[in-house]
Undergrad: 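Supplied in structure tokens, the structure appears directly below.
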2 protein chains.
Amino acid sequence: MKDPNNPICRTISDLLSRIGDKWSVLVVSTLAGGPRRFNELRREIPSVSQRMLTLTLRGLERDGLVSRTVTPSIPPRVDYELTSLGHSLQGPVTALTDWAIANMPEIHEAQGRFDAERDDIAA
Amino acid sequence: MKDPNNPICRTISDLLSRIGDKWSVLVVSTLAGGPRRFNELRREIPSVSQRMLTLTLRGLERDGLVSRTVTPSIPPRVDYELTSLGHSLQGPVTALTDWAIANMPEIHEAQGRFDAERDDIAA
DNA sequence: CTGTATCCGCTGAGATACTG
DNA sequence: CAGTATCTCAGCGGATACAG
């Protein structure tokens with residue numbers, strides 16, 4: 001159970017590093033509203049760089065959470081869409097973000113206490 | 001909603017970088033079985049380094065998820081324990097890990113397909 | 001429009017040695 | 001026993017420029 005070499009732990013840790021990365025959850029939750037083109041995603045997530053959006057989408061595509069559809073026209077058109085696997089991830093992720101929102105005050109309070117103590121010691 | 005500058009998104013993203021880091025979930029799930037001393041945790045999670053265990057525990061403590069109790073004896077004794085906030089996180093995290101376990105085959109399959117295609121193109 | 005390629009700084013994380 | 005300090009290296013991620 002606690003051994004990172006066993007395949008279950010590795011899968012969990014892989015999933016966590018994916019959803020734990022800086023952009024995946026944001027992209028998935030945006031795509032939850034329906035398919036988007038590349039630059040639509042950029043507009044809806046203004047702070048993401050082109051490079052990171054590409055990398056994030058590739059990662060999600062590799063894991064089978066997002067599908068990528070190319071329409072070879074001029075200009076080219078690429079649509080990204082959640083797969084059913086991607087949609088099924090929404091439930092657990094929402095549970096987590098709801099928890100974060102609900103407990104935000106308590107977390108910030110704890111951080112404040114911790115940092116105040118740290119400063120006391122430093123002083 | 002998609003703006004990383006708004007406090008809600010920042011809290012969520014902070015939470016994700018905590019539970020998304022390499023060790024936090026492992027530590028929390030170990031502590032779910034009851035309080036542990038520092039070296040007990042090291043023994044139960046053999047692959048964690050001393051440094052990373054310390055840093056992980058500090059982070060969890062700062063967020064109010066774990067409490068740290070020092071008994072100034074010789075040798076010194078320090079017990080780590082989940083707070084009620086820490087326990088309440090177990091539910092959402094379990095939902096996520098259950099999802100990962102349930103969908104592990106499909107994810108690996110998707111990765112296999114993706115990597116096979118990539119190799120085809122490379123060849 | 002939808003990417004890829006490159007450079008580069010910052011942080012995460014391991015190894016090792018030292019301290020109260 | 002329970003840490004801190006320092007070195008080191010790899011990888012993430014931003015900015016920018018280029019390409020089909």
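So you know, we letter chains A, B, ... as the sequences are listed, proteins then strands, and number each from 1. Computed from a predicted structure; not experimentally measured.
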Undergrad: Determine: side-chain N/O of Y80(B) to OP1/OP2 of dG3(D), distance under 4.0 Å, yes or no.
TA: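 Affirmative; the distance criterion is met.
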Undergrad: Between R36(B) (CZ) and dA2(D) (C1'), how many Å, whole number?
TA: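 It is 18 Å, rounded to the nearest whole Å.
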Undergrad: On DNA chain D, nearest-nucleotide positions of R77(B) versus L55(A): which is more 5'?
TA: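 Closer to the 5' end of DNA chain D: R77(B).
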Undergrad: Write down the distance between CG (D21(B)) and P (dC12(D)), rounded to a whole number of angstrom.
TA: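 Result: 15 Å.
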Undergrad: Looking at every non-hydrogen atom in both residues, tell me the closest pair between V48(B) and M52(B) and how far apart they are.
TA: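 It is CG2-CB, 4.1 Å.
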Undergrad: For R42(B), check salt bridge (charged side-chain N to carboxylate O under 4.0 Å, His left out) against everything at least two apart and list the hits.
TA: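 Salt bridge (charged side-chain N to carboxylate O under 4.0 Å, His left out) check on R42(B) returns nothing, list empty.
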Undergrad: Using a heavy-atom distance cut-off of less than 4.0 Å, which residues of residues 59-72 of chain B contact DNA chain C?
TA: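 Heavy-atom cutoff 4.0 Å gives no residues at all.
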Undergrad: Taking only distance into account, with no hydrogens and no angle test, what donor-acceptor pairs under 3.5 Å do side-chain atoms of residues 99-107 of chain A form with protein atoms, sequence neighbours excluded?
TA:
{"residue": "W99(A)", "atom": "NE1", "partner": "S88(B)", "partner atom": "O", "Å": "3.2"}
{"residue": "W99(A)", "atom": "NE1", "partner": "S88(B)", "partner atom": "OG", "Å": "2.9"}
{"residue": "N103(A)", "atom": "ND2", "partner": "W99(A)", "partner atom": "O", "Å": "2.8"}

Undergrad: Is there a donor-acceptor contact under 3.5 Å from the side chain of T83(A) to the main chain of G64(A)?
TA: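 Confirmed, T83(A) side chain pairs with G64(A) backbone.
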Undergrad: Check side chain to side chain contact (heavy atoms under 4.5 Å, CB included) between R113(B) and all other residues, then give those that pass, not counting sequence neighbours.
TA: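 Partners of R113(B) by the side chain to side chain contact (heavy atoms under 4.5 Å, CB included) criterion, ordered by chain and then number, come out as E109(B), A110(B).
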Undergrad: For nucleotides 15-20 of chain D, give me one character per nucleotide, 5' to 3': B if any protein heavy atom sits under 4.0 Å from the base, S if the only such contacts are to the sugar-phosphate, - if neither.
TA: B-B--B
Undergrad: Could you tell me whether the side chains of S24(A) and D21(A) share a donor-acceptor contact shorter than 3.5 Å?
TA: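 There is such a pair between these side chains.
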Undergrad: At 10 degrees resolution, what angle do the end axes of the helix from dC1(C)-dG20(D) to dG20(C)-dC1(D) form when each is taken over five base pairs?
TA: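 Overall, the helix from dC1(C)-dG20(D) to dG20(C)-dC1(D) bends by 40° from one end axis to the other.
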Undergrad: With H87(A), which residues qualify under side chain to side chain contact (heavy atoms under 4.5 Å, CB included), at least two apart?
TA: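 Here the qualifying residues are L82(A).
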Undergrad: What's the shortest heavy-atom distance between T30(B) and L26(B), and which atoms?
TA: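 Taking every non-hydrogen atom into account, OG1-O, 2.8 Å.
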Undergrad: Identify whether any heavy atom of R42(B) sits under 4.0 Å from a base atom; if not, whether one sits that close to sugar-phosphate; answer base, sugar-phosphate or nothing.
TA: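 The residue R42(B) makes no contact with any strand.
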Undergrad: Please figure out whether V48(B) or R43(A) has its closest DNA chain C nucleotide nearer the 5' end.
TA: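 Looking at the nearest nucleotide for each, R43(A) comes out on the 5' side.
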Undergrad: With sequence neighbours left out, what residues match R51(B) under side chain to side chain contact (heavy atoms under 4.5 Å, CB included)?
TA: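 Applying side chain to side chain contact (heavy atoms under 4.5 Å, CB included) to R51(B) gives S49(B), L55(B).
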Undergrad: From the 5' end of DNA chain C to its 3' end, which nucleotides mark the outer limits of contact with chain A, defined by a 4.0 Å heavy-atom distance cut-off (strictly under)?
TA: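 The footprint of chain A covers dC1(C) to dT6(C).
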Undergrad: Could you give the CD-to-P distance, from E40(B) to dA2(D), as a whole number of Å?
TA: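 After rounding, the gap between these two atoms is 8 Å.
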Undergrad: Under the side chain to side chain contact (heavy atoms under 4.5 Å, CB included) test, which residues partner E40(A), sequence neighbours left out?
TA: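 E40(A): side chain to side chain contact (heavy atoms under 4.5 Å, CB included) contacts with R36(A), R37(A), R43(A).
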Undergrad: Okay, side chain of S73(A), backbone of P75(A): is any donor-acceptor separation there less than 3.5 Å?
TA: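 Yes; at least one donor-acceptor contact below 3.5 Å.
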Undergrad: Can you give me every donor-acceptor pair (side chain of residues 89-98 of chain A, partner residue at least two apart or in another chain, under 3.5 Å) with its distance?
TA:
{"residue": "T94(A)", "atom": "OG1", "partner": "Q90(A)", "partner atom": "O", "Å": "2.7"}
{"residue": "T97(A)", "atom": "OG1", "partner": "V93(A)", "partner atom": "O", "Å": "3.3"}
{"residue": "T97(A)", "atom": "OG1", "partner": "T94(A)", "partner atom": "O", "Å": "3.0"}

Undergrad: Quick test of your reading: applying salt bridge (charged side-chain N to carboxylate O under 4.0 Å, His left out), list the pairs with at least one residue in residues 66-82 of chain A, sequence neighbours left out, ordered by first then second residue.
TA: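 Qualifying pairs, neighbours excluded: R77(A)-D79(A).
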